[in-house]
Amino acid sequence: MDKEGKRYMVTAALPYANGPKHIGHLAGAYIPADVYVRYLRLNNRDVLFVSGSDEHGTAIPNQALKENTTPQAIIDKYDALLRDCFEKLGMSFDIYHRTSEKIHHETSQEFFLTLYNKGLLTEETSEQYYDDEAKVFLADRYIVGTCPKCSFAKAYGDQCENCGSSLSPRELINPRSTLSGKPPVLKLTKHWYLPLQNYEDWLKQWILESHKNDWRPNVYGQCKSWIDAGLQPRAMTRDLDWGIKVPLPNAEGKVLYVWFDAPVGYISATRAFFKEIEKGSFKYAKQNRPFQHVNNETWRKYWQRKDTKLVHFIGKDNIVFHCIIFPIMLHATGEYIVPDQVPANEFMNLEGDKMSTSRGWSIEMHEYLEDFPTKPDELRYALLTNLPETKDSEFTWKDFQAKNNNELVAIFGNFINRALVLTQKYFDNRVPELGVMNEIDQRVVTELKSFPSRIADAIEGYHFREAAAHLMDLARLGNKYLAETEPWKLAKTDLPRVGTILNLALQVSANLAIVCEPFLPFTSKKLKEMLSFSQAMDWRSTGEINLLKAGHGFAEPRLLFEKIEDLVIENQVYKLNEKKRKMELDAQPVEPSKPEISFDEFSKMDIRVGKILKAERVEKSKKLLKFQVDTGMDTRTVLSGIAEHFTPEEMVGKQVTLLVNLAPRKIMGFESQGMILTAADKDGKLRLLQPSDVVAPGSKIS
RNA sequence: GGCGAGGUAGCUCAGUUGGUUAGAGCAUCGGAUUCAUAACCCGAAGGUCGGCAGUUCAAAUCUGCUCCUCGCUACCA
């Protein structure tokens with residue numbers, strides 16, 4: 001059950017440093033985490049907020065190859081980019097660390113050894129491909145060969161990019177190492193496994209029973225699905241030269257699995273934080289609040305004391321690691337606490353389609369910041385009010401504009417501006433005296449009082465969207481109050497009454513300045529400056545009407561937000577579409593041709609035109625269609641994985657190109673006697689190859 | 001196909017343990033107002049809560065079946 005923690009350990013997913021991260025990542029983990037933490041700090045709770053760049057794993061060397069540079073250069077580049085974006089967006093990490101740091105290597109190795117020394121890891125030896133020349137074991141991605149399914153010559157060991165099949169390296173025909181170009185040899189290799197299945201009972205108790213009611217349905221459901229399916233041993237090491245060395249003898253060339261070391265990164269970051277605090281030298285840490293009596297054991301309080309509440313903010317793609325694997329690792333040591341909450345968000349779509357950096361359909365954090373350098377809060381707000389908390393949500397530029405113009409500008413900014421301009425006009429920028437309050441005033445005071453706890457309840461229940469909505473309602477309350485009392489009308493006749501009204505309006509403004517801090521930290525700062533807030537106000541001072549003393553003077557009013565014009569939005573939509581178009585053209589260069597073959601080899605293939613007589617879906621298959629094809633010679637059954645591109649109805653009667661002498665193969669219970677040829681376009685869509693005019697079935701192609 | 005999550009107003013989304021006329025914001029329409037970035041404020045209209053059946057005095061909420069979307073997974077000759 002959710003507990004009121006004595007201290008809070010809050011983590012936001014470590015972003016993988018192989019590229020930029022988009023606003024979907026922000027919405028998924030970072031923004032809610034930051035709101036939560038800022039709120040806790042305002043309440044003077046003992047909270048630590050960590051994240052950092054995840055810099056290991058095969059994808060880093062891969063990206064290095066792609067960019068024609070070194071893995072180190074890749075992580076330096078993207079760490080710097082991510083770090084900078086988070087800073088500019090106001091992510092108030094106590095520390096944003098890096099998993100390439102020494103202390104992380106040590107922590108991960110210690111963690112591994114703890115499990116190892118307790119005999120909790122099993123060793124298993126299996127055959128893996130090895131490059132004799134480069135003297136390394138090859139990750140799946142580093143092996144290319146001919147796809148056993150579509151005969152594509154440059155299929156990778158994990159996947160064929162031509163037909164999309166997921167493969168294992170052993171299935172490849174004529175496998176070659178991408179490092180040396182030589183065929184790899186099979187070699188025995190040993191790895192250490194964490195037997196997840198041993199913890200099933202514990203998981204059932206911990207998640208399925210004790211978190212049945214307080215974890216989100218999506219999180220709980222995913223976990224249940226994994227647990228019910230039965231857990232298996234999972235290798236915690238890899239043969240790779242990029243990563244954290246396995247701290248055992250005879251483990252050369254072996255590193256910790258990136259999903260082993262990444263979550264441990266939260267712990268390393270915590271250690272690094274207190275180390276820097278202790279030394280007083282800050283490389284990654286920021287001192288957001290004072291810490292006393294720090295020593296090299298302090299971090300343990302945040303990870304090993306039962307009265308610490310551990311909360312992981314992540315996207316739904318990370319659920320299994322944060323709810324199953326990492327907790328098992330923590331639990332198995334017998335030393336660590338496990339998460340109390342994992343408020344995973346779903347995905348945020350963009351303008352009707354799934355966000356994807358690789359497909360170019362995304363708004364990367366740095367792209368937004370380049371175009372809107374003065375508007376971090378505007379993005380925070382637009383994302384906050386549309387977080388995918390219970391289901392996938394959607395970001396559109398039009399909605400972003402509406403949230404900005406109709407809410408931040410028209411309600412929040414406008415109310416502040418009204419209160420300040422009126423005060424400027426009638427009271428020379430000084431807070432007027434609060435006189436006798438009437439019924440309307442009393443009602444506003446009562447309402448105002450209710451807001452902080454409403455917002456707090458929403459935040460503590462991880463309903464950040466609702467919390468943001470309450471915030472805006474507080475500004476609405478202010479607008480409504482001014483509309484009801486109409487101080488501009490009373491100015492000529494009853495200035496003291498105007499003073500009372502504006503005093504209250506200013507108190508509401510001051511409350512907004514504090515209460516909006518978790519959501520809109522830059523706005524909060526600006527507003528506090530405008531109101532000349534001297535002392536630091538915390539959450540407990542909110543809900544009151546004594547935040548500003550009568551006579552307190554403040555600066556010239558400025559506008560908090562500005563409208564965003566249609567043209568700006570149209571440009572963004574245009575830019576987005578252009579980026580996608582460009583990516584599609586760039587991303588998929590035409591495949592280089594396969595090795596030369598002789599005429600004889602070619603003539604072995606018997607390719608003919610056939611006519612589809614019957615077409616139907618294959619039961620229980622999403623991709624397969626089953627055809628009866630007239631080949632001129634006979635009528636035969638052919639199966640083809642094209643159901644996502646063609647309907648059976650439209651296929652009937654069509655002429656198709658058919659490889660007729662391909663060895664028959666049984667698929668989903670039917671024997672397929674041939675292969676229908678298609679052309680895969682850049683967008684992945686398949687097209688049929690057809691003669692330009694109708695020809696007799698069985699016509700040979702040569 | 002298996003598993004998981006969703007399908008609630010034109011749009012984006014809330015709806016706690018089943019309980020009076022199903023909510024919010026935006027968009028639309030009408031009114032009021034001019035202190036304010038033509039903003040604010042008030043009001044109206046708008047939904048047979050994906051469909052069917054069942055449990056119940058009572059179902060958006062529970063059960064079964066079914067359709068659709070998304071994610072993981074299998075199938076891709």
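Heavy-atom basis, side chains included; hydrogens, waters and symmetry copies ignored. Every chain is numbered from 1, with letters handed out A, B, ... down the list of sequences.
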5' precedence on RNA chain B between Asn405(A) and Gly221(A) (nearest-nucleotide basis):
Gly221(A)
What verdict does the side chain to side chain contact (heavy atoms under 4.5 Å, CB included) test give for Phe400(A) and Tyr368(A), after you've listed the backbone C-alpha separation in whole Å, the side-chain angles of each residue and the deciding distance to 0.1 Å?
CA-CA 12 Å; Phe400(A) 168 76; Tyr368(A) 175 86; 3.5 Å; yes
Expected string for nucleotides 23-32 of chain B under the B/S/- scheme (protein heavy atoms, under 4.0 Å, primed atoms plus P, OP1, OP2 as sugar-phosphate) is --SSS-----
Please list, chain by chain and in numerical order, all residues satisfying salt bridge (Lys or Arg N to Asp or Glu O under 4.0 Å) with Lys580(A), sequence neighbours excluded.
none
Reckon Lys398(A) touches a base, only the sugar-phosphate, or nothing at all at heavy-atom distances under 4.0 Å?
nothing
According to the salt bridge (Lys or Arg N to Asp or Glu O under 4.0 Å) rule, which pairs have a member within residues 424-434 of chain A, sequence neighbours left out?
none
Between side-chain atoms of residues 347-355 of chain A and protein atoms elsewhere (two or more places apart, or another chain), which donor-acceptor pairs fall under 3.5 Å?
{"from": "Glu351(A)", "atom 1": "OE2", "to": "Trp397(A)", "atom 2": "N", "distance (Å)": "2.7"}

Separation of the P atoms in C65(B) and C29(B), to the nearest angstrom:
47 Å
With sequence neighbours excluded, tell me which residues meet side-chain hydrogen bond (donor to acceptor under 3.5 Å, both in side chains) with Gln507(A).
Asn503(A)
Return whichever of Ile676(A) or Ala410(A) has its heavy-atom-nearest nucleotide of RNA chain B closer to the 5' end.
Ala410(A)
If we take the P atom in both U8(B) and G50(B), what is their distance in whole Å?
6 Å
With sequence neighbours left out, which residue pairs that include part of residues 411-423 of chain A fulfil the side-chain hydrogen bond (donor to acceptor under 3.5 Å, both in side chains) condition?
Arg418(A)-Asn479(A)
Check salt bridge (Lys or Arg N to Asp or Glu O under 4.0 Å) between Lys489(A) and all other residues, then give those that pass, not counting sequence neighbours.
Glu486(A)
Would you tell me if any nitrogen or oxygen in the side chain of Lys480(A) comes within less than 4.0 Å of OP1 or OP2 on C42(B)?
yes
Tyr257(A) side chain to Arg234(A) side chain, donor-acceptor N/O pair below 3.5 angstrom:
yes
Considering only atom P, compute the distance from C11(B) to G47(B) and round it to an integer number of Å.
13 Å
Please enumerate all residues that pass salt bridge (Lys or Arg N to Asp or Glu O under 4.0 Å) together with Glu562(A), with sequence neighbours excluded.
Lys375(A)
Using a 4.0 Å cut-off on protein heavy atoms (strictly under), produce a 5'-to-3' string for nucleotides 33-38 of chain B with B for base contact, S for backbone-only sugar-phosphate contact, and - for none.
SSBBB-
Roughly how many Å apart are A9(B) and G71(B), using the C1' atom of each and rounding to a whole number?
28 Å
Considering only the P atoms, how many Å lie between G43(B) and A24(B), rounded to the nearest integer?
10 Å
Reckon Thr396(A) touches a base, only the sugar-phosphate, or nothing at all at heavy-atom distances under 4.0 Å?
nothing
What nucleic acid atoms does Ser640(A) come within less than 4.0 Å of, heavy atoms only: base, sugar-phosphate, or nothing?
sugar-phosphate
Remember a base hit wins even if backbone is also touched, and classify Leu639(A) as base, sugar-phosphate or nothing at under 4.0 Å, heavy atoms.
sugar-phosphate
I need the NZ-P distance between Lys224(A) and G2(B), as an integer number of Å.
16 Å
Can you tell me how far C1' in U21(B) sits from the matching atom in A44(B), rounded to whole Å?
16 Å
